[in-house]
Amino acid sequence: APPQRCPSCPAGPAVGAVGAMNCRAEVLEVSVEGRQVEEAMLAVLHTVLLHRSTGKFHYKKEGTYSIGTVGTQDVDCDFIDFAYVRVSSEELDRALRKAVGEFKDALRSSGSDGMGQISLEFYQKKKSRWPFSDECIPWELWTIKVNVVNLANEQERQICREKVGEKLCEKIINIVEVMNRHEYLPKMPTQSEVDNVFDTSLKDVQPYLYKISYQITDSLGTSVTTTMRRLIKDTLAL
Amino acid sequence: AMDTDLSSQDRKDLDKFIKFFALKTVQVIVQARLGEKICTRSSSSPTGSDWFNLAIKDIPEVTHEAKKALAGQLPAVGRSMCVEISLKTSEGDSMELEIWCLEMNEKCDKEIKVSYTVYNRLSLLLKSLLAITRVTPAYRLSRKQGHEYVILYRIYFGEVQLSGLGEGFQTVRVGTVGTPVGTITLSCAYRINLAFMSTRQFERTPPIMGIIIDHFVDRPYPSSSPMHPCNYRAGEENGAVYPSVEDSQEVCTTSFSTSPPSQCVFTVTKAHFQTPPPVVTDTLKVPVMGLAFSHQLSSSRLSYQPAAVAVGSADMGYPVLFAGGLNAAHPHQLIGPGKDGGVPPVPSQPAHGSQADQERICTPLDGAHYSAVTPSSSEDTETVSNSSEGKCGSPHDLLETIFIRKVGAFVNKPINQVTMANLDIPFAMFAPKNVELEDNDPMVNPPDSPETESPLQGSLHSEGSSGSSTGNTHDDFVMIDFKPAFSKDDILPMDLGTFYREFQNPPQLSSLSIDIGAQSMAEDLDSLPEKLAVHEKNVKEFDAFVETLQ
């Protein structure tokens, strides 16, 4: 399998290679029915963001800061026998739902294959001097590979509800294991640097800077971006 | 262990962090087994009162139990804090489901910064605990508790006892945090025999205990601490210091269906714990049960009832708990279990926790009164909870549960059993004050036709009923003379009335009379062979015709 590359620096070194940032990459795979895609994605993304969000920082004199409070709430899934906890922030929830909705629509319109992946990347901004633009340096990448299955009857759907629920329980345990490793996290920033590390645009919580992207796999089994790259390479080789 | 490396301030801070971490751990675990969805609010401006920057409410009794178990000690090597979650059926059988263990081992991390890194990692660990408590099998069981079983918790301190979990139990690690005095680990050991039974099976198959046989073994260590239901009415057996529901509180269900089935109302009154009340049940799934269970059943319906009662009552002096499902307009409304809640009807919580519903749930009734622990202050929670305990007054007797059958709207019941005030129908205030008896309902019993006057003077159109005159001519009335409306006798040789009388009973159509019908049928049958012969001759024409149609 080709080495994992961060979506924001596809030309850069592969993860783990010398020269790569400490970008750890985790991959989760799920097989779900079409109508379960959204809830399954939200469950995983919210669980990750629960661990990667803090309260709002309030900087005081002498470089000290205090941290706001993060509330949490239970979410029940409708199409999966599963419940998860998310951060109590409607803004964050809306942002995730929007991304997941786009992913789901793209999956649906891609044809009958139903394979794709959605990525949640945490990054830091490194300011560069003019004329260079700021760099985005990822430090953690979560990829969820999704395989959409079609089920024939209600009995299969019921089994799928339970099975996917159990699978998601396993995924949550996996996520928590990764979080518990206490590996690289960006240093707590000074006030002038806080926007390079955290997303301070939300009013009630403060997640690390993140971006969500997705890829749909075409029926040849290759991801669309890979195909494009190959085309360009081939063209240039002429 | 020598901790001269650790400054005394750091040591003090670390001890405090571990202590409050232990208390918050217990809160998260017990709250996750209440059978309800939890919701707390984020707050951007720090009040300085939320430990680990997380909004985790403190149920005072849980804190009390945890402190009692810890007895001033902290988790250390060989001394772990354990929260045992078990299930108890309506028949009184119980079974351990999970043991959550907060342990300390000797692996020290001297380099780590206490006030910063340890604190943040403890916060992260609590978030992991929030996530993991929803994925073990006991979570789904606890969401469905109430009618056939309840979930109980027990806190103990000392050696971990896993033998009650049966064979093949599994362990999940929530996480670890290294500190200069040792590494804190948090994990859960859970029974898996139940995992093979879906919760639906579990509810449907009594007796449950027959299937899993290994837990009947006597426990090597008898429980040193009492079990508590994971729903908050308990504590009465200790001579409650905690506020309980006030006298004769009637608790109403909040079902809003327009034609509800007979509803069950719990009237919670003070009563002696010893004598079981006569429990009236009526075609409901709720079983008649022993007292201990009925007490717990009532508690499962009354989550945080003290908080509910305490709405607006400043003299309770009691930290307000999270008002799960509380409706400010109806402080005594019942908070039902979650999505799959059973009898009695539960508040119409949308199953997907819609935003509006969640925000309602999240409304802190009294934001300043979380059982405040201030990391930055040197005060302890003791002062807060002590003051509340002091104000709570004398212990209450235990609760009994009486089931009263209430009749819903549109139920065909003798009215004398129901008054409008009791009808739990939506918009009851708009209902008519005087309920008419069925007998008076004109739609059920139409008024008798008037007998004396109208035929003699009558008009074609008798009172209100336009078609009745056709019926009237047959038997009951003899029309001597009548004046049809709109007719003028002296203009036409034949007036409307004459015309009407002549043509009132026309003869039957011949084709409708039976004799003629029978005759023609016989003729038809006879002529059939002839007709068939004709058709056969013209078959080709018919076929051609059919083809033109296609």
Side-chain angles (χ1 to χ4, degrees), chain A residues 39 43 46-58 65-79 81-94 158-159 161-162 165-166 168-173 175-177 179-182 185 188 202-206, chain B residues 28 32 36-56 116-117 120-121 123-125 127-137 139-140 143 172-178 186 195 198-200 338-340 349-353 355 358-359 361-362 376:
Chain A
E39 290 179 332
H46 267 304
T47 301
V48 172
L49 277 161
L50 169 68
H51 290 82
R52 293 286 179 249
S53 302
T54 76
K56 299 279 293 175
F57 282 13
H58 296 269
Y65 60 92
S66 57
I67 309 179
T69 300
V70 172
T72 58
Q73 54 189 257
D74 279 309
V75 182
D76 286 339
C77 294
D78 293 327
F79 301 114
D81 286 349
F82 185 72
Y84 61 93
V85 175
R86 69 167 174 91
V87 166
S88 286
S89 164
E90 295 316 313
E91 287 175 276
L92 185 62
D93 190 39
R94 270 200 298 272
Q158 183 55 43
I159 295 173
R161 279 183 71 101
E162 294 170 14
E166 285 167 28
L168 284 176
C169 289
E170 286 173 32
K171 302 305 160 195
I172 304 303
I173 295 175
I175 293 169
V176 163
E177 266 169 12
M179 298 299 179
N180 180 55
R181 288 184 211 151
H182 301 304
L185 281 179
M188 282 300 146
L202 299 152
K203 68 177 195 328
D204 44 14
V205 296
Q206 192 173 286
Chain B
V28 169
E36 295 170 8
K37 286 166 70 165
I38 307 296
C39 178
T40 59
R41 229 183 221 176
S42 300
S43 156
S44 78
S45 39
T47 57
S49 60
D50 288 315
W51 272 98
F52 309 107
N53 308 120
L54 283 173
I56 298 171
Y116 169 72
T117 311
N120 286 335
R121 287 188 181 177
S123 175
L124 197 68
L125 187 51
K127 290 172 179 172
S128 296
L129 182 64
L130 282 163
I132 296 286
T133 43
R134 274 65 177 172
V135 306
T136 54
Y139 180 71
R140 292 183 57 77
R143 288 292 297 269
V172 61
R173 177 193 272 197
V174 183
T176 63
V177 173
L186 185 53
S198 74
T199 47
R200 275 173 295 126
K339 181 156 80 151
D340 299 320
Q349 281 181 11
H352 353 294
Q355 175 158 340
Q358 283 171 345
E359 293 196 338
I361 292 174
C362 279
S376 46

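Residue numbers start from 1 in every chain, and the chains themselves are labelled A, B, ... in the order their sequence lines are given, proteins ahead of strands.
- For the atom pair OG1 (B:T136) and CD1 (A:I173), the distance works out to 8.5 Å, reported to the nearest 0.5 Å.
- Both the backbone and the side chain of A:V70 come within less than 4.5 Å of a heavy atom in chain B.
- Separation of atoms CD (A:Q73) and OG1 (B:T40) is listed at 8.0 Å; rounding is to 0.5 Å.
- Here the shortest heavy-atom pairing between A:D74 and B:R134 reads OD1-NE, 2.7 Å.
- Applying the salt bridge (charged side-chain N to carboxylate O under 4.0 Å, His left out) rule to A:E91 yields no partners; only residues at least two apart in sequence or on another chain are considered.
- If you take NE2 on A:H182 and CG on B:N120, they are separated by 10.5 Å, rounding to the nearest 0.5 Å.
- Looking at A:N180, its side chain does come within 3.5 Å of a backbone N or O of B:T176 through a donor-acceptor pair.
- A:F82 has its side chain within reach of B:V135: a pair of non-hydrogen atoms, C-beta onward, lies under 4.5 Å apart.
- When all heavy atoms are compared, the tightest approach of B:S42 to A:G71 is OG-N, 2.9 Å.
- The side-chain heavy atoms of B:R143 and A:D76, taken from C-beta on, include a pair separated by under 4.5 Å.
- Separation of atoms CG (B:N53) and OG (A:S53) is listed at 12.5 Å; rounding is to 0.5 Å.
- Here the side chains of B:S128 and A:H51 are in contact, with some heavy-atom distance below 4.5 Å.
- Nearest heavy-atom pair across A:V176 and B:V174 is CG1-O, 3.2 Å.
- In terms of heavy-atom pairs under 4.5 Å with chain B, the best-connected choice from A:V85, A:L185, A:T47 is A:V85.
- For B:T117, the side-chain contact (heavy atoms from CB on, under 4.5 Å) partners are B:I112, B:K113, B:R121, not counting sequence neighbours.
- Once rounded to the nearest 0.5 Å, the distance linking CG of B:L124 with OG1 of A:T54 reads 11.5 Å.
- Between the OG atom of B:S44 and the CD atom of A:Q206 there is a distance of 10.5 Å, given to the nearest 0.5 Å.
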